[in-house]
Amino acid sequence: MSNVAEGEAEELVPRIGSSSIVWKHFGFKASDTKQQQVICKECRKVVLAPQSNTTNLFNHLKKNHKVQYDECIRNKKCIAKTNHPTSTQTSIEASLFSASPYPSTSQRHSEITNAVAFYLAKDMCPINTVTNEGFKFLVNTLDKRYVIPSRNYFSKVALPAMYKKRRGEIESDLANVQYFATTTDLWSSRTMEPYMSLTVHYIDEDFAMKSRCLQTSFFPQDHTGESIAQGLREAMASWSLQEERLVCITTDNGANVVKAASLNNWTRLQCFGHRLHLAIEYAMRDPRIDRAVGLCKKLVSSFSYSWRRKKQLTKAQIELKLPEHTLKTECPTRWGSRQAMIARVLEQQRAISQVLSDDRKARHLIPTWQDIEVLEAINKSLSPLSEFTDALSSEKYVSVSFVKPVLHLFRSSILKVNDDETDLTCTIKTKILSYLDEKYNDPLTQELLDLASALDPRFKLSYVSEDNVAQIHARLTSEMARTAPATMAEMGPTDPHGETAEDANAPTTKKKKTLGSFFKTAAAEGATQRLSPLQEQQAISSELQSYLQSGNLDSEEDPLDWWREHQRLFPRLSKLAKKYLGIPATSSPSERVFSTGGNVVTCLRSSLKPENVDRLVFLSKNL
């Protein structure tokens, strides 16, 4: 009570440097210069607040002065809503907004500009993306000091510089390539401007598969065999590619492209995907198939153009507990899309019938049991083939050596006629197989495929006919003999002490000679002696026999990894492996180039100049 009395007699002073709203209701005696004893202004009681902690002060008000406590809480919330960010946040934000922009010559500005140019080229975005408000807002949010250049800068400076740099890098790589293969195709853009693509495929020194799109050049000449032949020669010359190093060109079956390869005296491999497509088209020539497939197309169209039927189909799928899949449409240039369309119709047959049976105008589209039998026969024949074209179309792994094994697999199991199959299924299988056998019966094609399979450690001579084994032996032996001088040259000349020229020029420290070094020197001296023709022939024969007699690699393994590990054991054969295993089995790489071209030349970019189309496609494929 004495404290209260004293407090009443003396006016309380506020806390020095107080920031909390609660100090409005508390103070100190004027005589308390150190402000150690906190006194409530309402009840004049002393409240313990160690180190000016406000928790006890709020608790005192909450317990003894409810009205003042509620007022403090309301004021605290209002201050929190209108309070500014912390000093650190304020300083960062102020520096971002008020800092001067990057100079155009600064490293940071160049890095961001190159990243934007890479984005435009790699993702095939229109150059005017840099002028769009959304993109500018994004860049400004990421870095407020960066001022994005104009679209003219990207179209006339950044992208051409990027193209020049990347082209120089690829030219440098190609200069070191000993053997390469190519693919080519012709294409018309959305504006009906003709283009011709050229891609190159090779295996580098580290046995890695490489694929480069060299150009998508404007080709306004008549598409005759002579014009295409000349255009291909000029394209290769522009990249300093020597024709004698070209192992093979893979193309589709267009008569003009076939003639062009013949005029240039280039070895040509027919695209496996096109051949299989034509074989299936040949097998589909049957009135029963025409009716069933035509009915499928009409049926799919009736659902594609009616949102009401789509909704009813989804409802029927739920009721019948079928997968909620949409129907697929056939693309005339892809046989796989026909099989996919038929498979989806068969899968959704009950749901389709339920929807169409309630519509008098569409009941005629319900497949009959005869149509279902035909569709099932087609699906049974084609569904096993659907994966082979995609598997052989890759640019990232060896594909040409698979052609002979795949054809053998077709004959032995996939397209083999079984007794329990319908006549139509048997007819389809027989027609496909006979067409493929006829087209791949060409001796030059057979020899090329046999060489590729023989140089694949997974297959070797397993799929080479017995009649051709001796011929493949002789071909491999002769090519190994031609590569022998180059192989020895790459190993480098040696001096009498067994050192290569590079080792002799390298700075070395004098080492104590061991007993084993005498044997090493003797072996090196024997290696420097040039082999006689008979010895060379024996070495070649021994290398070939050793390779053929070694165990086959597992079919799931990568043959290039195997050759990387065994190239020192088989130096001559490893060079032939680089030569032949880099050939693509299909012309899909060139077709993918045109898919990229279609994404570049869109409705909104239909006025692109041909040189810009070539540059943008090149960057998108090679970055």
Side-chain angles (χ1 to χ4, degrees), residues 273-390 410 414-415 417-418 420-436:
H274 282 89
R275 277 300 177 205
L276 186 58
H277 174 77
L278 293 175
I280 293 172
E281 289 293 323
Y282 171 73
M284 293 291 104
R285 296 174 185 172
D286 188 291
R288 295 170 294 177
I289 294 176
D290 291 342
R291 171 189 155 72
V293 172
L295 182 67
C296 262
K297 293 179 181 179
K298 294 179 181 178
L299 188 151
V300 171
S301 296
S302 68
F303 282 90
S304 299
Y305 296 104
S306 173
W307 65 268
R308 191 185 302 277
R309 284 181 186 153
K310 284 184 178 180
K311 183 178 179 180
Q312 292 172 347
L313 180 63
T314 302
K315 182 179 178 180
Q317 289 169 341
I318 296 173
E319 291 177 359
L320 299 172
K321 297 181 179 180
L322 293 174
E324 295 182 35
H325 295 159
T326 59
L327 301 182
K328 293 185 177 182
T329 306
E330 178 190 13
C331 175
T333 58
R334 292 184 61 86
W335 69 266
S337 61
R338 171 176 293 186
Q339 186 273 331
M341 176 186 70
I342 292 173
R344 185 57 54 84
V345 168
L346 292 175
E347 176 192 84
Q348 302 294 330
Q349 175 190 349
R350 290 189 297 155
I352 291 171
S353 299
Q354 180 173 314
V355 173
L356 296 182
S357 61
D358 296 334
D359 189 346
R360 289 187 305 170
K361 297 182 179 180
R363 287 177 186 170
H364 66 284
L365 296 177
I366 300 176
T368 64
W369 64 268
Q370 295 96 332
D371 295 325
I372 296 299
E373 282 190 352
V374 173
L375 295 177
E376 288 177 345
I378 297 172
N379 188 55
K380 185 176 182 180
S381 303
L382 302 188
S383 57
L385 305 178
S386 59
E387 298 180 2
F388 286 96
T389 301
D390 293 336
F410 283 176
I414 294 178
L415 294 178
V417 175
N418 299 317
D420 59 341
E421 293 175 336
T422 63
D423 292 340
L424 183 57
T425 301
C426 295
T427 301
I428 294 173
K429 288 184 174 182
T430 302
K431 284 185 175 181
I432 293 175
L433 197 55
S434 62
Y435 182 91
L436 291 175

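Predicted, not measured: the structure shown is a model, and the values here were computed from it. For this chain, numbers begin at 1 and follow the sequence in order.
With a 4.5 Å cut-off on side-chain heavy atoms, Val300 and Lys328 do not count as touching. The side-chain heavy atoms of Ile428 and Ile289, taken from C-beta on, include a pair separated by under 4.5 Å. Tyr435 places none of its side-chain heavy atoms less than 4.5 Å from the side chain of Ile280. Proximity of Phe303 to Thr326: side-chain heavy atoms (C-beta onward) are nowhere separated by under 4.5 Å. Between Thr368 and Arg291, the closest side-chain pair of non-hydrogen atoms falls below 4.5 Å. Using a 4.5 Å heavy-atom cutoff, the side chains of Leu436 and Phe410 are in contact. Contact of the Arg288 side chain with the Gln370 side chain is not registered, since no non-hydrogen atoms from C-beta on lie closer than 4.5 Å.
The NE2 atom of His364 sits 8.0 Å away from atom CG of Leu295, with the distance rounded to the nearest 0.5 Å. Here OG1 of Thr329 is found 11.0 Å from NZ of Lys297. Values are rounded to the nearest 0.5 Å. If you take CD on Glu376 and OG1 on Thr422, they are separated by 9.0 Å, rounding to the nearest 0.5 Å. Atoms CD and CG, from Glu281 and Leu276 in turn, are 10.5 Å apart once rounded to the nearest 0.5 Å. Remark: Gln312 CD to Ser306 OG distance equals 7.0 Å, nearest 0.5 Å. For the atom pair Ser381 OG and Ile432 CD1, the distance stands at 6.5 Å (nearest 0.5 Å).
The minimum heavy-atom distance linking Leu313 with Ile352 is given by the pair CD1-N, 4.2 Å. Pairing each heavy atom of Arg338 with each of Met284, the nearest pair is NH1-CG, 3.5 Å. Looking at every heavy atom in both residues, Leu299 comes nearest to Leu365 through CD1-O, 3.4 Å. Nearest heavy-atom pair across Arg363 and Ser357 is NE-O, 2.9 Å. Across every non-hydrogen atom of Pro367 and Ile372, the tightest pair is CB-CD1, 3.7 Å.
One N or O on the side chain of Gln317 and one on the backbone of His325 form a donor-acceptor pair closer than 3.5 Å. Under a 3.5 Å cut-off, the side chain of Gln348 and the backbone N or O of Pro323 do form a donor-acceptor pair.
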Could you check Asp359 against Lys361 for salt bridge (Lys or Arg N to Asp or Glu O under 4.0 Å), going step by step and ending with a plain yes or no? CA-CA 5 Å; Asp359 189 346; Lys361 297 182 179 180; over 6 Å; no

Determine, step by step, whether Met341 and Leu327 satisfy the side-chain contact (heavy atoms from CB on, under 4.5 Å) criterion, reporting the C-alpha distance in whole Å, the side-chain angles of both residues, the deciding distance to 0.1 Å, and the verdict. CA-CA 7 Å; Met341 176 186 70; Leu327 301 182; over 6 Å; no

Show your working on side-chain hydrogen bond (donor to acceptor under 3.5 Å, both in side chains) between Glu319 and Gln354 and close with a plain yes or no. CA-CA 10 Å; Glu319 291 177 359; Gln354 180 173 314; 2.9 Å; yes

Full working for side-chain hydrogen bond (donor to acceptor under 3.5 Å, both in side chains) between Ser304 and Ser301: CA-CA 5 Å; Ser304 299; Ser301 296; 5.6 Å; no

Run the side-chain contact (heavy atoms from CB on, under 4.5 Å) check on Ile378 and Thr425 step by step: do they pass? CA-CA 7 Å; Ile378 297 172; Thr425 301; over 6 Å; no

Val355 vs Arg350, test: side-chain contact (heavy atoms from CB on, under 4.5 Å). Steps then yes/no. CA-CA 9 Å; Val355 173; Arg350 290 189 297 155; over 6 Å; no

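Ion pair Lys429/Glu421 flagged as a salt bridge, since at least one NZ, NE, NH1 or NH2 atom sits closer than 4.0 Å to an Asp/Glu carboxylate oxygen.
Shown are Arg344, Gln339, Glu347; of these, the side chain to side chain donor-acceptor pair (under 3.5 Å) with Asn379 is made only by Gln339.
Between the side chains of Thr427 and Thr430, no donor N or O sits under 3.5 Å from an acceptor N or O.
Heavy-atom contacts from other residues, nucleotides or ligands closer than 6.0 Å to CG of Asp358 number more than 12.
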